[in-house]
Amino acid sequence: MSSYDVIIIGSGPGGYVSAIRCAQLGLKTACVEGRETLGGTCLNVGCIPSKAMLHATHMLHEAEHNFADMGLKGKSPSVDWNQMLAYKQKTVDTNTKGIEFLFKKNKIDWIKGWATVPEPGKVKVGDDIHEAKHIIIATGSEPASLPGVEVDEKVVVTSTGALTLNKVPKKLVVIGAGVIGLELGSVYARLGSEVTIVEFLDAITPGMDGEVQKSFMKLLKKQGINFVMGAAVQRTDATKTKAKVTYKLRKDDSEHVLDADVVLVATGRKPFYDGLGLDGLGIELTKRGQIAVNDHWQTSVNGIYAIGDVIEGPMLAHKAEDEGMAVAEVVAGKHGHVNYGVIPGVIYTHPEVANVGATEEQLKEAGRAYKVGKFSFMGNARAKAVFAGDGFVKIIADKETDRILGAHIIGPAAGDLIHEVCVAMEFGASAEDLAMTCHAHPTYSEAVREAALACGDGPIHM
Ligand code: FAD
Ligand code: NAI
């Protein structure tokens with residue numbers, strides 16, 4: 001039996017970041033991970049492999065669509081699928097090995113295996129029982145299931161199977177027009193699959209700014225992605241090589257069937273805590289089945305904390321990381337803090353989509369007076385030079401005080417541009433503060449400044 005100040009269960013972005021911060025704060029730390037490699041969903045089957053596939057297929061798209069216009073003539077590249085998968089795996093391996101290195105560097109013990117918590121202060125892995133003053137649960141999430149849809153990870157797949165298909169499907173049906181459906185749908189559309197996305201609601205990416213939703217869908221349609229909106233999937237019927245997807249249109253209850261070589265189920269994820277023994281410990285859950293925590297990420301049981309996808313809030317790697325650092329500070333007797341009002345969200349399609357803070361829809365509902373500054377990338381010289389003039393930056397500020405309340409960007413490098421607004425919001429800045437900051441020319445960032453200018457006397461290049 002070994003004894004630790006902290007044992008963290010799960011080595012995803014929540015768990016591994018927390019482990020590193022705990023060790024940096026002088027705590028004797030171990031992290032239990034049941035997978036063969038560290039890094040959790042994000043590094044192994046989530047953020048990292050999906051971004052590698054998005055990058056590779058975006059390069060293909062550029063070669064096919066824009067190279068000739070720039071005077072780069074010749075045959076566009078053909079796809080070596082196995083090599084693309086090998087590139088993706090190499091990217092994953094480099095990152096997971098990187099975490100192993102960081103664990104060694106910070107003297108964190110990796111306890112290999114699946115953990116249970118038989119009682120507070122104890123963590124059981126295999127036949128070994130380890131003692132810990134503090135336990136942090138960071139066990140993440142898994143794909144939510146859908147009634148009538150049986151996943152085999154070959155023909156009917158979740159994102160995990162979609163990242164390791166043995167060939168590019170001719171016809172891909174995606175259930176759910178959320179983040180996973182749109183990112184992986186884009187990957188396969190660029191590879192030549194006929195992609196149809198079936199969505200229950202009438203708009204894609206629920207919760208996102210309405211103008212962005214519309215513009216985003218229009219651009220994705222232009223890229224050849226088909227959408228069936230307002231459709232409730234009833235069931236899938238699969239053989240070893242094909243599937244049929246039956247859905248009902250909500251407007252008239254009519255039933256329709258789509259043929260597919262592969263069906264991707266992307267209808268959300270749910271917290272994962274199987275086998276931990278939460279019932280026996282009396283750990284309380286929220287109504288939505290997440291582990292309930294207080295402001296210090298403490299569960300209903302003293303000394304047991306939880307962070308990341310397994311608790312409430314957006315299921316995002318950086319949200320889990322922030323909680324990982326903050327809870328480490330708490331267990332080390334310091335003050336941990338996460339500003340939940342300033343957590344950006346990014347969709348890594350082309351163009352990228354990014355948001356932070358409030359949407360117009362939310363502010364209207366709350367009855368808050370606001371103003372909007374908008375600037376199109378068509379007015380941005382750099383974007384136009386690289387065939388990236390689609391999209392816009394939209395900044396929302398308080399009508400009276402000019403304080404920035406939110407930003408919504410669809411366009412080139414949106415996922416990077418959003419952080420300028422995040423920093424501004426952290427400092428309680430006004431749109432005028434952003435507008436008065438000198439921005440280098442020619443950069444995409446100028447579009448952010450122009451949107452800020454549009455909150456006041458108006459943009460220059462529009
Ligand atoms: P996880 O990363 O899920 O890690 C939990 C770990 O705990 C797992 O490795 C699991 O094996 C381990 N574990 C569970 N139970 C036990 C146990 N009893 N004992 C031992 N180990 C256990 N988010 C973004 O911010 N950006 C993105 O681009 C992005 N892309 C994504 C793409 C896809 C396809 C998917 C599926 C998700 C994506 N996400 C993205 C979401 C992101 O992956 C999650 O929000 C993030 O991984 C959550 O981190 P976590 O530490 O809470 O849990
Ligand atoms: P999601 O919650 O983003 O989207 C699910 C979609 O499926 C919604 O549009 C919903 O209306 C629809 N839906 C639900 N039931 C349906 C049904 N029966 N028929 C048709 N449509 C249905 O979930 P998704 O895409 O599975 O992603 C899961 C999580 O992973 C997200 O919370 C996201 O935060 C995270 N993620 C983040 C990424 C990023 O940050 N870039 C990338 C990928 C995933």
Side-chain angles (χ1 to χ4, degrees), residues 8-18 31-51 53-54 96 111-117 123-125 136-144 146-149 158-160 162-163 174-185 197-208 228-234 245 247-248 250 264-277 306-311 313-321 323-324 343-349 352-354 415:
I8 293 149
I9 306 176
S11 72
Y16 87 73
V17 166
S18 195
C31 181
V32 191
E33 175 55 61
R35 270 178 213 274
E36 295 293 310
T37 47
L38 298 173
T41 304
C42 178
L43 272 64
N44 289 283
V45 292
C47 326
I48 299 305
S50 60
K51 264 80 258 179
M53 297 303 277
L54 279 157
T96 56
I111 303 173
K112 297 184 183 181
W114 298 98
T116 50
V117 184
V123 175
K124 187 167 184 281
V125 184
I136 300 171
I137 299 173
T139 48
S141 62
E142 61 177 350
L146 197 59
V149 176
T158 66
S159 53
T160 304
L163 288 163
V174 179
I175 311 177
V179 201
I180 291 181
L182 299 181
E183 285 189 352
L184 294 180
I197 303 186
V198 185
E199 165 61 46
F200 183 77
L201 299 171
D202 296 322
I204 63 173
T205 56
M208 194 175 275
V228 181
M229 304 302 291
V233 169
Q234 307 295 302
V245 178
Y247 66 86
K248 265 189 184 173
R250 289 195 294 132
L264 165 59
V265 189
T267 51
R269 294 177 62 85
K270 59 176 189 192
F272 178 80
Y273 37 69
D274 289 2
L276 276 182
I307 55 166
D309 278 10
V310 82
I311 68 166
M315 288 182 160
L316 295 172
H318 40 284
K319 177 259 193 187
E321 290 185 30
E323 289 173 345
I343 294 184
V346 179
I347 308 182
Y348 299 83
T349 43
E352 285 185 356
V353 176

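Positions are given from 1 along the sequence. Given the structure is predicted, the values throughout are model-derived calculations rather than measurements. Numbering of ligands and ligand atoms starts at 1, following listing order.
In terms of protein heavy-atom proximity, atom 44 (C) of ligand 2 is closest to I180 CG1, 3.3 Å. Looking from atom 38 (C) of ligand 1 to the surrounding protein, the closest heavy atom is C47 N, 4.0 Å. What sits closest to atom 11 (O) of ligand 1 on the protein, heavy atoms only, is E33 OE2, 2.6 Å. Protein heavy atom in closest approach to atom 36 (C) of ligand 1: R269 NH1, 3.4 Å. Ranking the protein heavy atoms by distance from atom 22 (C) of ligand 1 puts W114 CZ3, 3.5 Å first. Ranking protein heavy atoms by distance to atom 33 (C) of ligand 1, first place goes to G46 CA, 3.3 Å. Ranking the protein heavy atoms by distance from atom 33 (C) of ligand 2 puts M315 O, 3.8 Å first. In terms of protein heavy-atom proximity, atom 49 (O) of ligand 1 is nearest to P13 CD, 3.3 Å. The single protein non-hydrogen atom nearest to atom 2 (O) of ligand 2 is G268 CA, 4.1 Å, given as residue, atom name and distance. For atom 39 (C) of ligand 2, the closest heavy atom belonging to the protein is V346 O, 3.4 Å. In this structure, the protein non-hydrogen atom closest to atom 24 (C) of ligand 1 is A317 N, 3.5 Å. At the shortest separation from atom 51 (O) of ligand 1 among protein heavy atoms lies G14 N, 2.9 Å. Nearest non-hydrogen protein atom to atom 19 (N) of ligand 2 is I175 CG2, 3.7 Å.
At least one heavy atom of P206 sits closer than 4.0 Å to an atom of ligand 2. At least one heavy atom of V45 sits closer than 4.0 Å to an atom of ligand 1. Using a 4.0 Å cutoff on heavy atoms, K51 counts as a contact of ligand 1. The shortest heavy-atom distance from E321 to ligand 1 is not under 4.0 Å. Heavy-atom separations between S141 and ligand 1 include at least one value shorter than 4.0 Å. Heavy-atom separations between P314 and ligand 1 are all 4.0 Å or longer. Using a non-hydrogen distance threshold of 4.0 Å, A266 registers as a contact of ligand 2.
Contact atoms of ligand 2 toward V198: 20 (C), 21 (N) (distance under 4.0 Å to a heavy atom of the residue). With ligand atoms numbered from 1 in the order given, ligand 1 contributes 8 (C), 9 (O), 11 (O) to contacts under 4.0 Å with heavy atoms of R35. Those atoms of ligand 2 that come under 4.0 Å of a heavy atom in L201, given as number and element, are 11 (O). Remark: ligand 1 atoms within the under-4.0 Å shell around heavy atoms of A138 are 5 (C), 6 (C), 7 (O). Less than 4.0 angstrom separates some heavy atom of G178 from each of these atoms of ligand 2: 3 (O), 4 (O), 6 (C), 9 (O), 25 (O). Atoms of ligand 1 found under 4.0 Å from any heavy atom of G40, numbered from 1 in the order shown, are 2 (O), 4 (O), 8 (C), 9 (O). Ligand-side atoms of ligand 2 in range of Y348: 41 (N), range being under 4.0 angstrom from any heavy atom. The ligand atoms of ligand 1 that sit less than 4.0 angstrom from a heavy atom of G10 are 6 (C), 7 (O), 12 (C).
For S159, every heavy-atom contact with ligand 1 shorter than 4.0 Å involves the side chain, none the backbone. Proximity of T205 to ligand 2, defined as any heavy-atom pair under 4.0 Å, is not found for any part of the residue. Here K319 has no heavy atoms under 4.0 Å from ligand 1, in either its backbone or its side chain. Contacts between L146 and ligand 2 below 4.0 angstrom, taking non-hydrogen atoms only, involve the side chain exclusively. If you look at Y247 next to ligand 2, there are no close heavy atoms at all, none under 4.0 Å.
The shortest N or O to N or O distance between A232 and ligand 2 is not under 3.5 Å. Between D309 and ligand 1, an N or O atom pair is found at a separation short of 3.5 Å. For a threshold of 3.5 Å applied to N or O pairs, the pair formed by G34 and ligand 1 contains at least one separation below that value. Between S50 and ligand 1, no pair of N/O atoms sits closer than 3.5 Å. Polar contact with ligand 1: present for L316 (N/O pair, distance under 3.5 Å). Any N or O atom pair closer than 3.5 Å counts here, and F272 shares no such pair with ligand 1. At least one N or O atom of T41 sits closer than 3.5 Å to an N or O atom of ligand 1. An N or O contact shorter than 3.5 Å is missing between Y348 and ligand 1 by distance.
If you run side-chain contact (heavy atoms from CB on, under 4.5 Å) between P143 and each of T41, T158, T267, only T158 comes through.
For the residue pair A115 and V123, the shortest heavy atom distance occurs at CB-CG1, 3.8 Å. Summarising the geometry of V198 relative to A231, their closest heavy-atom pair is CG1-CB, 3.6 Å, with the distance given to 0.1 Å. Nearest heavy-atom pair across C42 and P49 is O-CD, 3.8 Å. The minimum heavy-atom distance linking K51 with Y348 is given by the pair CE-CD1, 3.6 Å. The shortest heavy-atom contact between D309 and S141 is OD2-OG, 2.8 Å.
With distances taken over non-hydrogen atoms, the option nearest atom 10 (C) of ligand 2 out of Q234, R269, E199 is E199. With distances taken over non-hydrogen atoms, the option nearest atom 22 (C) of ligand 2 out of V149, L184, T267, V179 is T267. One option in G308, G415, A115 has a heavy atom closer to atom 19 (N) of ligand 1 than any other, and that option is A115. Distances from atom 14 (C) of ligand 1 to the heavy atoms of T139, I8, D274 show the closest one on T139.
Using a distance-only test at 3.5 Å, with no hydrogens or angles considered, no donor-acceptor pair links the side chain of E323 to the main chain of I307. Side-chain atoms of T116 do not come within 3.5 Å of backbone N or O of L276 as any donor-acceptor pair. For the pair R250 (side chain) and F200 (backbone), a donor-acceptor distance under 3.5 Å is present.
No donor-acceptor contact under 3.5 angstrom links the side chains of T96 and N44, judged on distance only.
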